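So the structure is just underneath, and the comments pick up after that.
Each residue takes its place number in the sequence, starting with 1. For clarity, every value in this text was computed on a predicted model and none was experimentally measured.
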Amino acid sequence: MMYTSTRDSSVKVTASAAITKGISSDGGLFLPVEIPQIDSAFLSNLIGLSYIERAEKILSLFLDDFSFEEIKYCVEGAYKEGKFSSDKVAPLKKLENDEYILELWHGPTCAFKDMALQLLPYLLTESSNKTLKDKEIVILVATSGDTGKAALEGFKDVKGTKILVFYPVNGVSKMQKLQMITQEGENVSVCAIEGNFDDAQNGVKSIFVNKEIEEKFAENNLVFSSANSINWGRLVPQIVYYISAYVDLVNEKAINNGDKIDIVVPTGNFGNILAAYYAKLMGTPINKLICASNSNNVLTDFLKTGIYDRNRDFYCTESPSMDILISSNLERLLYILTNNDKLVNVWMDELKTTGKYTVSDEILAKIQDSFEAGYCDDKATEKTIKETFEKYNYLLDTHTSVAVNVYEQYKAQKNDNIVTVIASTANPYKFPKSVLSALSSDIKSDNEYDMIGELSDLTNMQVPLQLSSLKDKKIKFNNVCKKDNMAKIVFDMLGI
């Protein structure tokens, strides 16, 4: 299987080359030229397997320049016993007869990014062994909160790599910030930027395609790669958990093999829901993919109108990992639907120069054949957290609450009772102030750690050790830079 670039269809590289490079030299994103197909027999054969065994079989369809033994080594290293707090890795929890929560936050950083970022270091090191000789890989990451910590934890002390993370100084929760600035490891660095996530993401992308920086790296035997979802090695592991969730529903007799389901995903950068779309394109029986946004509802507007317009107010919300106005992975969807790199280049140029672009009615119809969309503000997010806890004794984080709220809107509008999986992207204790405020007006302290205790007392839900232990960790990184100074910071961090 070969991979091409969204901005140059003549590019053809192997999976390992795509993962090692992270982003194409033309600025495009790698994606498979062909999408492997699965059927009901394939799904049936997954039923009796563990998550690890399912992942091995699904990833083998995309990573065919890896031997099965190499894939097995990578997957077992990522999801081995003790790394995730659930032996199912990504368990389903039933709320209603037709409503299931897919818990993706049982990994070491309590966020769904662990599902991919525990695996990516293995995939990347195996890939670099095939494509690079005696070069050190520099992982550059822009984060809106969860990717940063998950990438730092995944790549911590991985031989032959260094990882540098940029985050918006006022755009992550206190808990997310603490997770990053206390990160241990000899090969890690973290820096805040004066700006929002889009500024950090644009800065990282511009560094990747800067020829002078590339030459400077070559002089020092260094190469760039990415741990953001622009890297195919980040996206492909996410396909696995949607297929696995479908199989779990069949196994639990919630559906028959072949029945269609809906999937709801809270997303800002579009990668998580794009992985579900790939699962659908492969043949997993999926009806609608419901994209849930917060007040930064650029994706909702696009999926409803075909007009992508980032020229709007930016909001810092209680679901900060979705505070994004430039959704990188949407570029992959546009290429899949058009198979036209020239069109994608036109739209991306328009986005860069004018901040907006418009797709044709034909393309919009194709999008709406698979996607629905909705959004809610912070007030509705808090209300949904409270109502869900009171009704089901189930605690949502702020991002999953957005998804539940949007699903309820969709269900009311469409009168759709199809079995639905809602992606739950973070442990609620990552956002204790917002979640506690949603449940109680009688908060005794404004200290975030005291709030964790209050939330635990109120809900009887155990606090993950990796969050409760942050209080006593030493702060290692407190740099802040201007968004135009990110390249210099990279050089300074690397000592070149």
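- With sequence neighbours left out, Asn478 forms a side chain to side chain contact (heavy atoms under 4.5 Å, CB included) with no residue at all.
- For the atom pair Thr398 OG1 and Lys433 NZ, the distance stands at 13.0 Å (nearest 0.5 Å).
- Residues passing the side chain to side chain contact (heavy atoms under 4.5 Å, CB included) test with Tyr375, sequence neighbours excluded: Ser293, Asn297, Thr300.
- Residue pairs meeting the salt bridge (Lys or Arg N to Asp or Glu O under 4.0 Å) criterion with at least one partner in residues 328-339, sequence neighbours excluded, are Arg7-Glu331.
- Remark: side-chain polar atoms of Asp157 are not paired, donor with acceptor, to backbone N or O of Gly185 under 3.5 angstrom.
- No donor-acceptor distance shorter than 3.5 angstrom exists from the side chain of Asp114 to the backbone of Ala150, with no hydrogens or angles considered.
- The number of heavy atoms from other shown groups lying within 6.0 Å of CG (Asn170) does not exceed 12.
- The salt bridge (charged side-chain N to carboxylate O under 4.0 Å, His left out) test applied to Glu350 returns no partner, not counting sequence neighbours.
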Anything under 3.5 Å between a donor and an acceptor, one on a side chain of residues 118-126, the other on a protein residue two or more places apart or in another chain? List them.
from   : atom 1 : to     : atom 2 : distance (Å)
Gln118 : OE1    : Lys83  : NZ     : 3.0
Tyr122 : OH     : Gly77  : O      : 3.4
Thr125 : OG1    : Pro121 : O      : 2.9
Thr125 : OG1    : Tyr122 : O      : 3.1

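- Of the possible donor and acceptor atoms, one in the side chain of Thr143 sits under 3.5 Å from a partner among the backbone N and O of Gly145.
- Listed by chain and number, the residues in a ring-ring contact (aromatic ring centres under 6.0 Å, His included) with Tyr335 amount to none (sequence neighbours excluded).
- For the pair Asn311 (side chain) and Thr354 (backbone), a donor-acceptor distance under 3.5 Å is present.
- Aromatic rings from Trp232 and Tyr278 are positioned such that their centres are separated by under 6.0 Å.
- For Phe30 and Tyr3, the gap between ring centers reaches or exceeds 6.0 Å.
- The ring pair (Phe, Tyr, Trp, His ring centres under 6.0 Å) analysis of residues 205-225, with sequence neighbours excluded, yields the pairs Phe208-Phe224, Phe217-Phe224.
- Every residue two or more places apart in sequence or in another chain that forms a ring-ring contact (aromatic ring centres under 6.0 Å, His included) with Tyr79 is listed here: Tyr51, Phe84.
- Between Lys414 and Glu372 a salt bridge is recorded (basic side-chain N to carboxylate O distance below 4.0 Å).
- Here CD1 of Ile336 is found 5.5 Å from CG of Leu274. Values are rounded to the nearest 0.5 Å.
- Shown here is Glu184, whose CD atom has no more than 12 heavy atoms of other residues, nucleotides or ligands within 6.0 Å.
- To the nearest 0.5 angstrom, Thr267 atom OG1 is 10.5 Å from Asn294 atom CG.
- Once rounded to the nearest 0.5 Å, the distance linking SG of Cys191 with CG of Asn479 reads 4.5 Å.
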Inset, instruction - Mind running side chain to side chain contact (heavy atoms under 4.5 Å, CB included) on Phe166 and Ile489 for me, showing each step along the way? - result: CA-CA 10 Å; Phe166 292 96; Ile489 294 296; 3.9 Å; yes
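- Counted within 6.0 Å of CG on Asp361, heavy atoms from surrounding residues, nucleotides or ligands total 12 or fewer; the atom is thus considered open.
- Screening Ile367, Ile307, Asp309 for a side-chain contact (heavy atoms from CB on, under 4.5 Å) involving Phe302 leaves a single residue, Ile367.
- The salt bridge (charged side-chain N to carboxylate O under 4.0 Å, His left out) test applied to Lys149 returns Glu153, not counting sequence neighbours.
- The stretch residues 191-202 participates, sequence neighbours left out, in these salt bridge (Lys or Arg N to Asp or Glu O under 4.0 Å) pairs: Glu194-Lys482, Asp199-Lys483.
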Inset, instruction - Step by step, work out the salt bridge (charged side-chain N to carboxylate O under 4.0 Å, His left out) result for Lys430 and Asp146. - result: CA-CA 9 Å; Lys430 291 201 77 167; Asp146 287 333; 2.7 Å; yes
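- Centroid-to-centroid, the aromatic rings of Phe270 and Phe371 come within less than 6.0 Å.
- Salt bridge annotation for Lys383-Glu387: present, with a cationic side-chain nitrogen under 4.0 angstrom from a carboxylate oxygen.
- Taking OG1 of Thr338 as the reference point, atom CD1 of Ile363 lies at 6.0 Å (rounded to 0.5 Å).
- With sequence neighbours left out, the side chain to side chain contact (heavy atoms under 4.5 Å, CB included) criterion links Ser173 to Met175, Gln176, Phe431.
- By the ring-ring contact (aromatic ring centres under 6.0 Å, His included) test, Trp105 pairs with no residue at all, sequence neighbours left out.
- Between the Asn187 side chain and the Thr161 main chain, a donor and an acceptor come within less than 3.5 Å of each other.
- Taking 4.0 Å as the cut-off between side-chain N and carboxylate O, Lys411 and Glu408 do not count as a salt-bridged pair.
- Of the inter-residue distances, the one linking Asn269 atom CG with Asn329 atom CG reads 6.0 Å to the nearest 0.5 angstrom.
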